[in-house]
Structures are given as structure tokens and as C-alpha cells.
There are 2 protein chains.
Amino acid sequence: MITYLTLFKKEGVRLIKGNQRLLKKMNRTQVLDLIRREGPLSKAQLAERMKLTFAGVSKIVNDLESSGILFLRGEGRSSGGRKPALYALNATAFYVVAVDLSVDEIHVALMDLSTVTVDETCLAAPGDRTPRSYVEAVRLGVQTLLERSGIPRKKILGVGVSSPGPVNSVTGEVLYPPNLPLWNVVPLKERLEQELRMPVKVEKDANLHALGEKWFGAGRGADNLVYVLVGEGIGGGIVIEGSLYRGTPFGAGEIGHGTVDLHGPRCNCGNYGCLEVMASGLAVIRRIREKIRAGHASPHYPAPEKIQLSNVLKAFQCGDDLTIRELEETSRVIAAGLIGVVNSLRPDMLILGGKLSRGFPLMTDIVKGVIRERVVPALSEQLQIVKGELRDKSGLVGAAALVMEEIFTLQLK
Amino acid sequence: MITYLTLFKKEGVRLIKGNQRLLKKMNRTQVLDLIRREGPLSKAQLAERMKLTFAGVSKIVNDLESSGILFLRGEGRSSGGRKPALYALNATAFYVVAVDLSVDEIHVALMDLSTVTVDETCLAAPGDRTPRSYVEAVRLGVQTLLERSGIPRKKILGVGVSSPGPVNSVTGEVLYPPNLPLWNVVPLKERLEQELRMPVKVEKDANLHALGEKWFGAGRGADNLVYVLVGEGIGGGIVIEGSLYRGTPFGAGEIGHGTVDLHGPRCNCGNYGCLEVMASGLAVIRRIREKIRAGHASPHYPAPEKIQLSNVLKAFQCGDDLTIRELEETSRVIAAGLIGVVNSLRPDMLILGGKLSRGFPLMTDIVKGVIRERVVPALSEQLQIVKGELRDKSGLVGAAALVMEEIFTLQLK
DNA sequence: TCAACTTATTAAAGGCTGTTTATAAACTCC
DNA sequence: GGAGTTTATAAACAGCCTTTAATAAGTTGA
């Protein structure tokens, strides 16, 4: 019954042509996106927002309704005339598969168009750490979800994959991820498409965290936003004018590798005094180790060489002084590093995410404070600085959003 | 005879509607932009590039030709069939007025669509430094050029203004420019439109340098570029996906105000250890003053408190050791500061401009060297680092480009 | 040189957008 | 309960680009 996919897919290459089909796709995606973001809307509201005539919108909405992706949901309030019919998104018209690859776990989820999870599974990363095994694990995970849910393949828009390391999102290749030494250049998209026989899109994890927050999290209202991922390292994702900014040809968003200390130590990236080397989770661990080795006793820590991020966060929860001081100082350094990003990009929102920022909630306030203090007030007032809302789900949600772009955004090129 | 303007202007608000008019405008601007950027093209080439049918393009080109903005210029080479007719941009179909406001000079130029200057004039900034006097000076300058050239107002697309200080480019207001203390909030666009009775667009100088290089200078081939303006201060302009990125609501591009030294001195912007406070022209002057006061004799300098940027650049040209060392060190700091920009934005081009970078040509090589060394090679190889081509013209050319967006780019919203 | 092939061009017919216009239905307000 | 307002539908319309067919103007190679 749902013919939306065929309606669009059929066009193939031709769709790109600067012709009426483009116009059609533009207006249809815009209707769907408006309704997705703002909930049920009437035809009149859509016409107003889209600067189309009522009749034009009526045709579009009727088409989308009969294709099953929109449905009539109640009536709106009258403002002196006939009550408008409200149309809502049928979130179960299609589903997406979201995959979050990390070094030690593989999360796979089957979600509907409002990111409600139908079913999910989490597999331990394969012991041999080879690309081949990861691909096989993903295949298995996806297959399991498809079978358990009974959702037909036709209703699956595609598979979105969040992967660590630099990702060439055009080719879908993962390139030398630092924490997966056996992965050199892995054509992940190609391999997975072979295995799964579905369209696959691969993107860098931090970019998908950003995209997830933009579409379904804290960043919903922001056009230009920077997502800061503070965990063992410091990564980031940049959304500009509403869509993910990837750079030329890719690799943008590495906001953790700007110089904040001209005389700082060398970072793995080749630079000296990077934000990451000065203020990431690993930097915190390094400094706590040094302090402990230097005789600063703390009951919350194991032997210095065994300290992990989880120990640090636990120590913080137990109120360990040393840890609190280190985390506070680190947050101030992060804030100082972000000032460059803010002054360069002037986003309307800065979203803080990642294990460290979640484990140390004060970070947001400290960053907020430093930025308010050190950025021209007229402009810093416009900037919202918030925590990520999606927590450990942001990778999956972002991967889902990546696939949904197919339906909700106009993709030229 | 040239009806292009009426053809488009007539549409008014309606143009925005997501309808065929939009399509028409899209395709026409794309034809004009392709021909502007790539020189004379045949209908077949355009059809290929634009993914339109030959017949479709033919109609468009014929329209544009009869409106006078394109003209037939010779024939192309045959590749086994009839020779194609080539169409070129009629650069004198329209003109633009470009204004470059700086603290002590006002440049006004009348240019055609290929930025050939028909006539120009340079006025000293008014002694009283009031907005009112600047506006009057601009009015006078524009009037003079219009009268001298005899070009009718109908052929002028509009006036582009490059202004120092933060500029709200939507409202066309200049906000508290640091070097013009009498200017608080100046509605420059509004005032000039009243005086000149022409459409006026105002933008921050660094942004227009970037735009100028993108359209007519070193950045022609780049989609994502960062322009770095190194003069007394360090400013910048960012072009993303081919168009100027302004941030929310404006003010982006201030790449001189990222922290590069956590313990550095306070900058006027409120931050500490900014790139600007560490490595701008004024920072160089400050350090040379200190050295001289500390007894480091140099025959090339006047009394320390009288040293200006021009003295520094002259001393460099005379081969003054102290100066060379300072400029080299400064360039390395600038490079270190730009690494953050490169890693965040991953542009395909970095353009260095401004008085200091022009006066000390080695800067480009030093920056190139440091960045090659400290940015992941796979990605830094893709990055071009070049000098600006437009030199002291880039403000004017950028202002011209700003106005030409009207014709050559699709402007939604 | 000339047929065969290729490429460029024009013109008319056609398809598909959204728009305009006319009409009706449903609601509020006094 | 009628005037005025808002929502909705349907048919005729206008304007884009596409399709198709016919023509024009080159190249190539025997």
C-alpha cells in the first residue's frame, strides 16, 4: 500500500535533473520534514509555511496520504472558520536499521521513522578485531532483528552505520581508525551492501552524534550547531545550515585538534598542544596517574597504570577531591579550546556529549561560564550551550537520521 | 534592450514560492554562473553539466541571449559533427558599485560583471569620523562615478559595501566597530539606500575578501575555503559549499580569537591567549618595541612608541634581522593557530591575505610547512595553502561579488 | 568526392508541476 | 440564523522542461 518509495526511487538518475521532478521532490520532502519536526499540521499551515497555494499543498498532502506516509490525525482549532484537518507522519510507514560500531561493542537497532526502537541487539566486538568479523557480526545482528520483527525488507529504508575513525562518507570507506589497527582501508559500505542487499550509509561516529541531536535531540531548533564529544579523546561534529558538514573531501569536525598550548606536548595527530592532548579523558587519566605516582594518595583508584575513565568517573561520584579538581580544570581547558570554534563558526548551539561530559555534569556549566566570560557578550548571548539529550543512544539515532535523509531532505548531487 | 532584471525582479515575493518560477530562476542562474566561471560554453556542454535536455537549455540560453546578458561568441571545435555555437557572458550588461570602507579611506569603484573597473575614486575618511560623514562621502563618491561614467542607473545592479567591525548582514547594520568609536549601531544599508536609491548590501570586510577571492581570485576552484586576513589584527572569512558562511545570526569567521596559549595575555575580545593577541601585526609591533626598549638596537625603526606596521614591513625589506626573526616566529604561531581551523573545517583551500601576509611573503611557506608537518598527511595533502590574488582589491571585488549574487546564485529565504 | 556517421539546432507536441478560479462545506460570532 | 471566515475540492490554466521529429552542419574514411 505504501508507494512512496517507488514513487521516488523509480526516478533514478533522472531525479537530479533540474526539472519538475526536482520541484516535486523538493516540496514533498519539505512537507514531510515540516510535519516530522513540528508534529501534525494542517494543509493551510503548510501552505503558509511553504509559500505554496492551498490547492498545491492539498494535492501534495493527498498524494502523501494515499501513499501511506501521512495520515489524518484529528482536527485543529478553528479560528473563525471550518476546522482544519491535521496530518501527521505515519512513523511506521518505513523503518531503518541503525548500527553503532565501537571498538568493543556493536549495537544494532531497528527503528521506525520517529526513532522508536522496534528491536535491538548488542554484540560483543569480535575477538580478532578484523573488518571481516565485524561485517559478519553486523550481518548477523541485522538478520536477527529482521527475522524477529517480521518487518518486510521493502519497508526498510536502509542501514546507517556509525563508525569510529575517519570515514570517507562518499565511498563509505573507513580509513585507519586509530583504535582498530587491523582496519586499514575498509570499504564498509560496499561490504555491508553485499551482505545485506540494502542501501548502506557509513559516517564517522561524532558526525552522527551531531546529526542525531540535530534531528531528534537537543539540537532540533538549531541551524548551525557544533557537537563536542568528550570521552577518551575529543571529537566533534558540525551541522551547518541544517545539514552535516563534512569538509573536503571529508574529515571535518575534528575540533579536538586545534592548538591551545603553543608549547604543549605532541599529540598523535601530529600537532603540539592540541585540545585533545591537554584536556581529553586520557589527559585526565594521565594527570591523575602522575599525581598518584607523585604520592597523592586516593582510595578511589587502583594502581596508576590500571586507571581507566570509568575509575575516574566513579571517583568523581564518590566525591574524590583530586578527581574533582582535575575534571574542573579540564573543563576549563575544553572551554578555552571551544572559544576558537565559537568565534569561527558562531553556531547557535554547542552540544556537549560523550562519556566524560555525561559523567561529569558540571562540565556544561563550566564551559558555559568560561564562554560567557570570554566571548563578546552580544554574540555569546545568542549561543545556547547544552548537554546532549540522547546520551548513549546518539550514535544509533544519528545513524537512523542519516538514512532518513533519503525521505526528509532534498539531496542534490 | 536588456530585460533580464525586469524578467526576475518582477516576480517579487512570489519568486520564493516552491514553484516553477523557482525552477526557472535556478536554471537561469546556473547557466549564467557556469558561463561566468568557465568562460564561453555551448548549449550541449551546458546541457551535459546541468543534467537538462539540450532543448531545455536551448530555450534558456536563447532567452538569456535575447535579454542581452549572454552573447554568441564564436564557435567551438567539432568532435565529429556540427560545430557548437559558444555563448559568453556580456559583462557590460550590468554594473555594480563596490565600496570599501576602512578607518582612514573610502574606496568606491564602478565595475562590470567581470570586475573590470570602469572608474574608481578614493576619498580620505572624514575627519570627524561620524557615520553621517562617511555616508555623505560614499554618496558623493558614487554620484561622481555615476556621472563621470554616464552609465544609466538601470544598468546598476546595486551597491556592495565592505565595512570593518561586526556587521549584521541581514539588517545591514554595523555594530560597534572597534576602530570607529563613534559608530555604535549604524544602519548603514538603510542610510545608504535612502541616499542612493539603489539596493545596498553591507558585509564585514574579511567576509568580502573571502568572497572576492572565491569568485574572482585564488579561490575560484574551492568549495570550502577559509580566508585569513593578517594585518594589524587577524580576521577571517569562511566560504562553505560555495557561499559565504555567516553563522547565527552573523559574526562567523573570527578565526583570530581562538585560544592558542592557555596562559596568554588578555585580548580585547575578552579571551586570553588568542591568536590575535599572540601573532597579529600589533603583536609583532609590541614585541619589536619591547626588544628595542630592552636595548636591541635597529637602524630601521623610529622611537618605539612610533613604530607602525609599515615600519616593520620596511625593516623586513631592508633585511633587518630582528624583524625577520619576529615575522618568522609570528608566522609559525599563526600556522599553529590555523591547525585548529583546518582540522575543524577541513577546507580545500586556505588563502592568506592582509597587509602583513603581503608584506612578508614567506608567511605562506612557513604556514604551509607547519601545517604539512602537523596535520594528518592524508588530509593535509588535499589542502591548498595560497596567497590571496586580489591584493588590495579584494575588498572591492568581494563587495562587487556580493551584489552579483543577485544574478549568479539562487538566493532562497 | 561522397556516403555514413556524428553533433548541433529548431520547432511542435506533450507531460507534469503548481496556480487560478469557482464552488461548496464547515465553523464562529453576533 | 445569517454574515463573515476558514478549509476543502475540482476543473481549467500557465509555465516549466521533455520528447520527438526534422533539419543543418560538421567529420571521417574509402
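Naming: A, B, ... by sequence-line order, numbering from 1 per chain. The basis for the numbers below is simple: all heavy atoms, side chains too, and nothing from hydrogens, waters or symmetry mates.
When rounded to the nearest whole Å, the span between CG of B:L22 and P of C:dT19 equals 11 Å. To the nearest angstrom, P of D:dA14 lies 15 Å from NZ of B:K24. Taking atom CD1 on B:I60 and atom P on D:dT18, their separation rounds to 8 Å, with Å as the unit. Rounded to whole Å, atom P of D:dA14 lies 19 Å from atom CG of A:L23. Between B:M50 atom CE and D:dT18 atom P the separation is 10 Å, expressed in whole Å. With rounding to whole Å, B:R21 atom CZ is found 8 Å from D:dC16 atom P. One can place NZ of A:K59 at 14 Å from C1' of D:dA11, the figure rounded to the nearest angstrom. Rounded to whole Å, the distance from CG on A:N62 to C1' on D:dT7 is 12 Å.
Considering only side-chain N and O atoms, A:R28 lies under 4.0 angstrom from the phosphate OP1 or OP2 of C:dG18. Taking 4.0 angstrom as the limit, A:S58 places a side-chain polar atom (N or O) nearer than this to OP1 or OP2 of D:dT9. Between B:N27 and D:dC16 there is no side-chain N or O to OP1 or OP2 distance below 4.0 Å.
Side-chain contact of B:S58 with B:K43: a donor-acceptor pair under 3.5 Å is present, judged by distance alone. In the model, B:T92 has no side-chain atom that pairs as donor or acceptor with a side-chain atom of B:D112 under 3.5 Å.
With the nearest nucleotide of DNA chain D identified for both A:G80 and A:R77, A:G80 has the one nearer the 5' end. Map A:G81 and B:L86 each onto its nearest nucleotide of DNA chain C; the residue landing nearer the 5' end is B:L86.
Side chain of A:R82, nearest nucleotide from D:dT7, C:dT9, D:dC17: D:dT7. The side chain of A:S78 lies closest to C:dT28 when the candidates are C:dT28, C:dG15, D:dT19. When distances run from any side-chain atom of A:F54 to the nucleotides C:dT19, D:dT9, D:dG26, the shortest one goes to D:dT9. The side chain of A:A55 sits closest to C:dT19 out of C:dG15, C:dA11, C:dT19. The side chain of B:P84 sits closest to C:dA8 out of C:dC27, C:dA8, C:dT10.
Between the side chain of B:R28 and the backbone N or O of B:K25, no donor-acceptor pair lies under 3.5 Å. Counting only distance, with no hydrogens or angles, the side chain of B:N90 and the backbone of B:G68 share a donor-acceptor pair below 3.5 Å. In terms of modelled atom types and a separation under 3.5 Å, the side chain of B:N224 and the main chain of B:E241 share a donor-acceptor contact. For the pair A:E213 (side chain) and A:A218 (backbone), a donor-acceptor distance under 3.5 Å is present.
Smallest separation of non-hydrogen atoms from B:T29 and B:M26: OG1-O, 2.9 Å. Residues B:E65 and B:Y87 approach most closely at OE1-CE2, 3.6 Å, considering heavy atoms.
Of the residues in residues 34-49 of chain A, those placing a heavy atom less than 4.0 Å from an atom of DNA chain D are A:K43, A:A44, in numerical order.
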